[in-house]
Amino acid sequence: MPFQSFLSHAFSWSHLYPPNSVKMALSVSPVAFEHHRLSLGIGETAPRLSYRFDGTAADWEQASVDIEITRNGVPKIFNVDTPDSVLITWPDSPLSSQESATVRARAHGKEGNLSSDWSQPSTVETGLLSTEDWGGAVPIAAERDTEIDGPKRPILFRKDFSVNETIASARLYITALGLYVAEINGARVGDHVLAPGYSSYNFRHVYDTYDVTEMLKQGGNAIGVTVGEGWYAGRLGFNRDIPRNLYGDTIGLLCLLTLTNGDGKKQSIKSELSWQASTGPIITSEIYDGEVYNATEEIKGWSSTNFNASGWLGVKQLPALNGSLVPSDGAPIRKVEEVKPQQIFQSASGKTVIDFGQNLVGWLRLKVSGPAGTNITIVHTEVMENGEVATRPLRSAKATDTLILSGNGTRIWEPSFTYHGFRYTQITGWPKETPLNGDSVTAMVVHSDMERTGYFESSHDMLNKFHENVVWSMRGNFLGVPTDCPQRDERLGWTGDAHAFMPTSNYIYDASGFWRGWLKDAWSEQKKNDLMIPPYYIPTDDPTDTQRSRVRTPVAVWGDVVVGNPYALYRTTGDKKMLEEQYDGAKAWIDTGIKRNDVGLWDRSTFQFADWLDPKAPPEDAGAATTAKHLVADAYLIQMTRLLSNMSASLGKSDLATQYADQRSSLIGHFHDAWTKPYTLIANVTQTALALTLAFDIWQDESTRKTATSTLRSLIANNTYLVGTGFAGTQQLGFALSAANATSDFYKMLLQTKVPSWLYQVSMNGTTTWERWDSLLADGSVNPGSMTSFNHYAFGSVADWVHQKVGGLAPADPGWKKVLVAPEPGGGITSAKAKYIGPYGAVEANWTVDGEGFKLDVKVPPNSRARVVLPGSGEVKEIGSGVKTFSVEGFKVPE
Ligand code: BGC
């Protein structure tokens, strides 16, 4: 199974608590800079420093740290008295543009506690920090008419140059008005794909930095860059008439290559008017529709020196980019895994179909030879229906790649500027000269290459499989931006989905850099609007309209992302600087963005998505929910006001903390006037209405709270423990029940396999999480609704509860300085293991229940602490770092 192979190379449980441990008691990891996965070409001149601990040192707390920073070969040691090992202030003078430094750390414990050795050194280097640093490089485009109303044919740009000196170091800084693939002397630069990714280009245009020292030589050299339309100028959006050219109608290149010789002398090659351009073998390459590649049009040696470029076009200068040119905050998009065909078979109508056994995101790599002109066509789909690949859920996305062979021997080919969400591919035109098998066809898994941090496993196989599916849906939808889905004509950063899934994502991967970049775009997009309303999805496809366009009306849950996500990211990272960056946006949304009625609740005339995809919503009307839309909106408003108050308190803005706490109390009063007092209990006696009011502490007196709890419990029991929530209610349901001591009820829901439930998808052989509770109907047919994706992460948000309540791990304080270890066994599950590689190091909880009772092993990394809450007795233990075991004799798992 592909997923198992991924897990086994990425992580193994076998090293947990090794017997007779010979592990070092204390060591520190290489220093990391801000939230960067890559520290080459960063934008911060005084990057904050973090390191993790490894080892079993008991109750170890840091008193001070030595930080050694080597600049220009000269080391300097800073002795910093601080308990902090995460996001430590840069102790030296700021770095200048393109300056590098090597950093290592050695941590000292409090009195009597040991010190670590020096960490392995890590290097940081700043990128180009101002427009001047680009040395006059200008964006260029081919001197030709561009295709305005159709797909744009990718352009090849090239430039010869000679190098007279020996090269000590060389850097390529590059971005595109579109997507680029760069080559130097015929070899591909770096391993990023779909670079520079998708950002709100009108505000933040990301560039990448590569170390290309080894690719250059003294004498003649050449650089060649292919640029495709990508998100920048391709067809992108949703609904009818999906537009093209959202950010510009001409694809172009901007780059600077700087070479430094041993004496520090610099030479630079930049994009400017002396470059040449041509079209090449890629005929079209579109995000939704796929790529057409004609190998007979390949131009041999075009990115190498000694190439005759006569007949190539000249280039023209484009206006300066709209957005500021900045390095990425997040991880680059990369090919992360390869998956081999599991089965190759004939469809009902005799077409050749490959099943990869896993719904994944990326594309195929082909290794094929055949006669010139052979036309191989690949259609990508997530599911089969009536024995054929099911293309209907893709709507207008063609998701089709075409390779035309040149006849010159065996070709290894992959598309360059498209991606697909698929488990099945239908292949036509495959040449008989090449056997179609795992040697000739491979699926490449592509996503933002974040660090995997969170793991979960239990004695319940279906729950484990569901968790794998959640991970796969995160992988498939964290591609540059957090997308709703990866396969149909949409793939947008829908804010409601991002809001629901963020806490889950923060456990599974270190997505802090990824979110930080996206949240910067969210604030830029929001503040462009005079009422401070964020668009429905970010980046928006509506860059010109600053007012109330069809994707910019105030909506709860979706718009609430500008409060919910910064706060959730703060809970994970403890990063107050990020919180401060996001504070104005969160405040502006609460203060002016939300359209309110005369008492301060949501204006009743506003459009709302609310409990989107309630299981009772019919296929043709995803918004038709059983809970009143403005009840949902008001409940979220109360919670967002609380989070804003919490944010204010965390940032030391105590007056504002009080102001928003007061606002929340008054909103709760108005909520009851509107939604509970006129009714026996509440306007809608639904799982979502009760879950939200319980989870958000809207019931203020004990007796109504008890009634709400017992009503929710009997509602669920009478519904045979089937799910009754949509996007808004799902993430909160488990927490509402646990807070009301009804965890065992939620286990019954979680482990339910009939539709609608989480494990129904597993029982139907799902390998990702679905958009609808019944994307695949029980008879195996695809839901007839026009919105039927098999790779949406929103309902996978339940995994947050799984990590916390089954696995037993959560941050007790922002940034995991203190861990809450509080597993609540139930549902007949007899063991679970959770591991989270957090800011301080690996936190682990591993529990079992057998005939003797409950046993829990906990590992807490140095410089952090844990509060352990034991099940049954509720006994609380406060512990320091190290490995500890707890037991509760006679404990039995509730059914
Ligand atoms: C998307 C969602 C999104 C929704 C908004 C859909 O088309 O796929 O997940 O949140 O629209 O209602």
Side-chain angles (χ1 to χ4, degrees), residues 11-29 52-63 83 85-86 107 109-116 453-459 507 802-813 815-826 829-893:
F11 175 71
S12 136
W13 292 102
S14 59
H15 74 288
L16 279 181
Y17 322 112
N20 308 322
S21 177
V22 287
K23 263 178 120 180
M24 295 257 301
L26 184 78
S27 64
V28 298
S29 73
R52 290 179 176 139
F53 294 93
D54 198 4
T56 50
D59 303 321
W60 193 92
E61 288 176 24
Q62 182 178 300
S85 49
V86 176
K110 285 192 176 155
E111 194 132 345
N113 272 336
L114 60 148
S115 298
S116 74
T453 48
Y455 302 86
F456 168 82
E457 203 176 288
S458 73
S459 61
Y507 179 88
V802 173
H803 300 145
Q804 295 193 32
K805 304 295 179 183
V806 191
L809 291 183
D813 286 342
W816 294 82
K817 175 82 180 166
K818 189 172 196 178
V819 183
L820 179 64
V821 184
E824 294 181 32
I829 295 177
T830 53
S831 68
K833 301 174 190 177
K835 171 165 175 157
Y836 176 69
I837 303 163
Y840 294 87
V843 190
E844 299 172 22
N846 178 359
W847 61 260
T848 51
V849 178
D850 58 20
E852 285 164 20
F854 171 86
K855 185 169 160 288
L856 169 68
D857 293 322
V858 179
K859 185 176 171 214
V860 180
N863 210 27
S864 66
R865 305 185 56 75
R867 172 177 304 141
V868 180
V869 184
L870 297 175
S873 64
E875 205 180 329
V876 178
K877 311 264 188 191
E878 299 284 345
I879 60 170
S881 67
V883 176
K884 303 211 169 49
T885 299
F886 302 88
S887 51
V888 182
E889 270 177 45
F891 179 86
K892 291 198 171 43
V893 186

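Hydrogens, waters and symmetry mates are skipped; everything else that's a heavy atom, side chains included, is used. In what follows, residues are counted from 1 in the order of the sequence shown.
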Query raised in the report: Which pair of non-hydrogen atoms, one from Pro823 and one from Gly807, has the smallest distance, and what is that distance?
Result: CB-O, 4.3 Å
Query raised in the report: With no hydrogens and no angle check, is any side-chain donor or acceptor of Arg52 less than 3.5 Å from a backbone partner on Gly838?
Result: yes
Requested in this report: Go through the structure and list residues passing side chain to side chain donor-acceptor pair (under 3.5 Å) with Thr848, not counting sequence neighbours.
Outcome: none
Query raised in the report: What pair of heavy atoms forms the shortest contact from Pro83 to Asn863, and how long is it?
Result: O-ND2, 2.9 Å
Report summary line: Applying side chain to side chain contact (heavy atoms under 4.5 Å, CB included) to Ser459 and not counting sequence neighbours gives Ile829, Thr830, Ser831
Requested in this report: Kindly write out the residues that satisfy side chain to side chain contact (heavy atoms under 4.5 Å, CB included) with Pro825, not counting sequence neighbours, or none if the list is empty.
Outcome: Trp847, Phe854, Pro871, Phe891, Val893
Query raised in the report: In chain order, what residues pass the side chain to side chain contact (heavy atoms under 4.5 Å, CB included) check against Ser115, with sequence neighbours excluded?
Result: His108
Report summary line: Across all chains, not counting sequence neighbours, the side chain to side chain donor-acceptor pair (under 3.5 Å) partners of Glu61 are Lys110, Arg865
Report task. Show your reasoning for whether side chain to side chain contact (heavy atoms under 4.5 Å, CB included) applies to Val802 and Gln804. Result -> CA-CA 5 Å; Val802 173; Gln804 295 193 32; over 6 Å; no
Report summary line: For Glu824, the side chain to side chain donor-acceptor pair (under 3.5 Å) test, sequence neighbours excluded, returns Thr743, Lys805
Query raised in the report: Under the ring pair (Phe, Tyr, Trp, His ring centres under 6.0 Å) test, which residues partner Phe53, sequence neighbours left out?
Result: Tyr51, Trp60
Query raised in the report: Any idea which heavy atoms bring Ser116 and Ser27 closest together, and the distance?
Result: CB-CA, 4.3 Å
Query raised in the report: Is there side-chain contact between Leu820 and Val869, with heavy atoms separated by less than 4.5 Å?
Result: yes
Query - Pairing residues for Ser873 by the side chain to side chain donor-acceptor pair (under 3.5 Å) criterion, not counting sequence neighbours - result: none
Query raised in the report: Can you say whether the rings of His803 and Tyr507 are parallel (under 30°), tilted (30 to 60°) or perpendicular (over 60°)?
Result: parallel
Report task. Check side chain to side chain contact (heavy atoms under 4.5 Å, CB included) between Val86 and all other residues, then give those that pass, not counting sequence neighbours. Result -> Ser50, Pro839, Tyr840
**Report entry** Inter- and intrachain pairs under side-chain hydrogen bond (donor to acceptor under 3.5 Å, both in side chains), touching residues 881-893, at least two apart
**Finding:** Asp857-Thr885
Report task. Decide yes or no on side chain to side chain contact (heavy atoms under 4.5 Å, CB included) for Leu856 and Val821, but give the supporting numbers first. Result -> CA-CA 10 Å; Leu856 169 68; Val821 184; 4.2 Å; yes
Query raised in the report: Any idea which heavy atoms bring Gln62 and Ala107 closest together, and the distance?
Result: OE1-CB, 3.7 Å
Query raised in the report: Stepwise, does the salt bridge (Lys or Arg N to Asp or Glu O under 4.0 Å) test hold for Lys835 with Glu457?
Result: CA-CA 9 Å; Lys835 171 165 175 157; Glu457 203 176 288; over 6 Å; no
**Report entry** Contacts of Glu111 that satisfy salt bridge (charged side-chain N to carboxylate O under 4.0 Å, His left out) - sequence neighbours left out
**Finding:** none
Query raised in the report: Which value, rounded to the nearest 0.5 Å, describes the distance between Ile837 atom CD1 and Ser29 atom OG?
Result: 11.5 Å
Report task. Take Lys818 and Arg867, measure what side chain to side chain contact (heavy atoms under 4.5 Å, CB included) needs, and give me the verdict at the end. Result -> CA-CA 7 Å; Lys818 189 172 196 178; Arg867 172 177 304 141; 3.2 Å; yes
Query - All pairs passing ring-ring contact (aromatic ring centres under 6.0 Å, His included) where residues 870-890 contributes a residue, at least two apart - result: none
Query raised in the report: Are Val819 and Leu809 close enough, and set up right, to give a side chain to side chain contact (heavy atoms under 4.5 Å, CB included), and what steps lead you there?
Result: CA-CA 7 Å; Val819 183; Leu809 291 183; 4.2 Å; yes
Query raised in the report: Can you check whether Ala832's main-chain N or O pairs, donor with acceptor, with Ser458's side chain at less than 3.5 Å?
Result: no
